[in-house]
Structures are given as structure tokens and as C-alpha cells.
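Right, one structure below, let's go through it.
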Amino acid sequence: MTIRLDAVHPVLMSSDVGASIAFYESLGFRESFRDQPDTPMYAGVTRDDVTLHLQWNAEAQRVGNHDRPTYRFVCLDVDDLYDSFVSAGAVSQAPQAGSPWSRPGETPWGTREFHLRDPDGNGLQFYRVL
């Protein structure tokens, strides 16, 4: 018997699931499900073979902006992906304070990548191995 894992679906905390869906749609994801039509508390977004779940959390459940998870996405063309996010108005070309990879660049650990945060501070890193 072969035991294997087929996928992982991270659950990202969201203070406003509807707004989070809209943000991820600006990154090219599409809504795949939601629990309630008007004010969703739990939803999923999908792009290609990647699915993220978005779950509402009250302010009291959050540990602060500095304790947010980061998710790494493997992609073939980091620069084209970044350009598509800029063209869609999802990210600004202005460098973000605190991240040397707010725009695509080569890292000392052998990748080309860029980083951004969603409206709730969840870290998103898009990269490819050089």
C-alpha cells in the first residue's frame, strides 16, 4: 500500500473574507466556494493547481501583524507573474519597506523571487530555483 499526500490547502486568517476574495482575484485566483452568499466567513480561491482557504477571524484571535504565516509559491516565470500583478493593480511597483524582494530579484540562497502581503498581513512569496 502506498501512502501519499496529494495536496495541501492552507487556511489564511482574514478579517473580511469578501475583501480577501477580491484581493486574491486581483492576483488571478478565482473563487471556488464560499459558505454564505452575502457575508462569507469561510471561502476558497484557486489559481492553476493552488487552492487557498480563507477563514474569518476576530481581532482578538490574531496575535499581531508580526506573527503572520508566509506561503511560498513555486512559479516558472517570476518576472512575468510580477508584471501581471502590477498590470492588474494588485501590487505597486514602489519598493516596500522592510523587504529587499518586494520586486523580483535573485537571492543568496539560489532563487529568483518577490514577496508581498495580503490585506491581513499573510506573507506571499513567489519564486523559482535558479
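If you're wondering where the values come from, they're calculated on a predicted model, not measured in any experiment.
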Listed pairs under 3.5 Å, donor-acceptor, residues 21-28 side chains, sequence neighbours left out:
{"unit_1": "Tyr24", "atom_1": "OH", "unit_2": "Asp118", "atom_2": "OD2", "d": "2.8"}
{"unit_1": "Ser26", "atom_1": "OG", "unit_2": "Phe23", "atom_2": "O", "d": "2.5"}

What heavy-atom pair brings [X] and [Y] nearest, and what distance separates the two atoms?
{"X": "Pro10", "Y": "Val8", "answer": "CD-O, 3.5 Å"}
{"X": "Glu113", "Y": "Trp101", "answer": "O-CD1, 3.7 Å"}
{"X": "Gly123", "Y": "Arg117", "answer": "N-NH1, 3.5 Å"}
{"X": "Asn122", "Y": "Met13", "answer": "ND2-O, 3.1 Å"}

Item checked: Among Phe73, Tyr71, Tyr82, ring pair (Phe, Tyr, Trp, His ring centres under 6.0 Å) partner for Phe126 -> Phe73
Are [Y] and [X] linked, directly or through intermediate hydrophobic residues, by side-chain heavy-atom contacts shorter than 4.5 Å (ILVMFWY only)?
{"X": "Leu52", "Y": "Val17", "value": "yes"}
{"X": "Val78", "Y": "Val91", "value": "yes"}
{"X": "Leu76", "Y": "Val74", "value": "no"}

Output the distance between atom [atom1] ([X]) and atom [atom2] ([Y]), rounded to the nearest 0.5 Å.
{"X": "Asn57", "Y": "Met41", "atom1": "CG", "atom2": "CE", "answer": "9.0 Å"}
{"X": "His9", "Y": "Thr51", "atom1": "NE2", "atom2": "OG1", "answer": "4.5 Å"}
{"X": "Phe114", "Y": "Phe85", "atom1": "CZ", "atom2": "CZ", "answer": "5.0 Å"}
{"X": "His115", "Y": "Arg103", "atom1": "NE2", "atom2": "CZ", "answer": "14.5 Å"}
{"X": "Leu124", "Y": "Arg72", "atom1": "CG", "atom2": "CZ", "answer": "11.5 Å"}

Next item on the list: Using the test side-chain contact (heavy atoms from CB on, under 4.5 Å), find all partners of Tyr42 that sit at least two apart in sequence or belong to another chain.
Entry: Val11, Phe33, Asp35, His53, Gln55
Next item on the list: For Leu5, check side-chain contact (heavy atoms from CB on, under 4.5 Å) against everything at least two apart and list the hits.
Entry: none
Whether the side chain of [X] engages the backbone of [Y] through a donor-acceptor N/O pair (distance < 3.5 Å, no angle test) should be reported.
{"X": "Asp48", "Y": "Val50", "value": "no"}
{"X": "Ser32", "Y": "Gly44", "value": "yes"}
{"X": "Ser84", "Y": "Leu81", "value": "yes"}

Notebook entry, point to check: Heavy-atom count around Leu130 CG within 6.0 Å, excluding the residue itself: above 12?
Noted result: yes
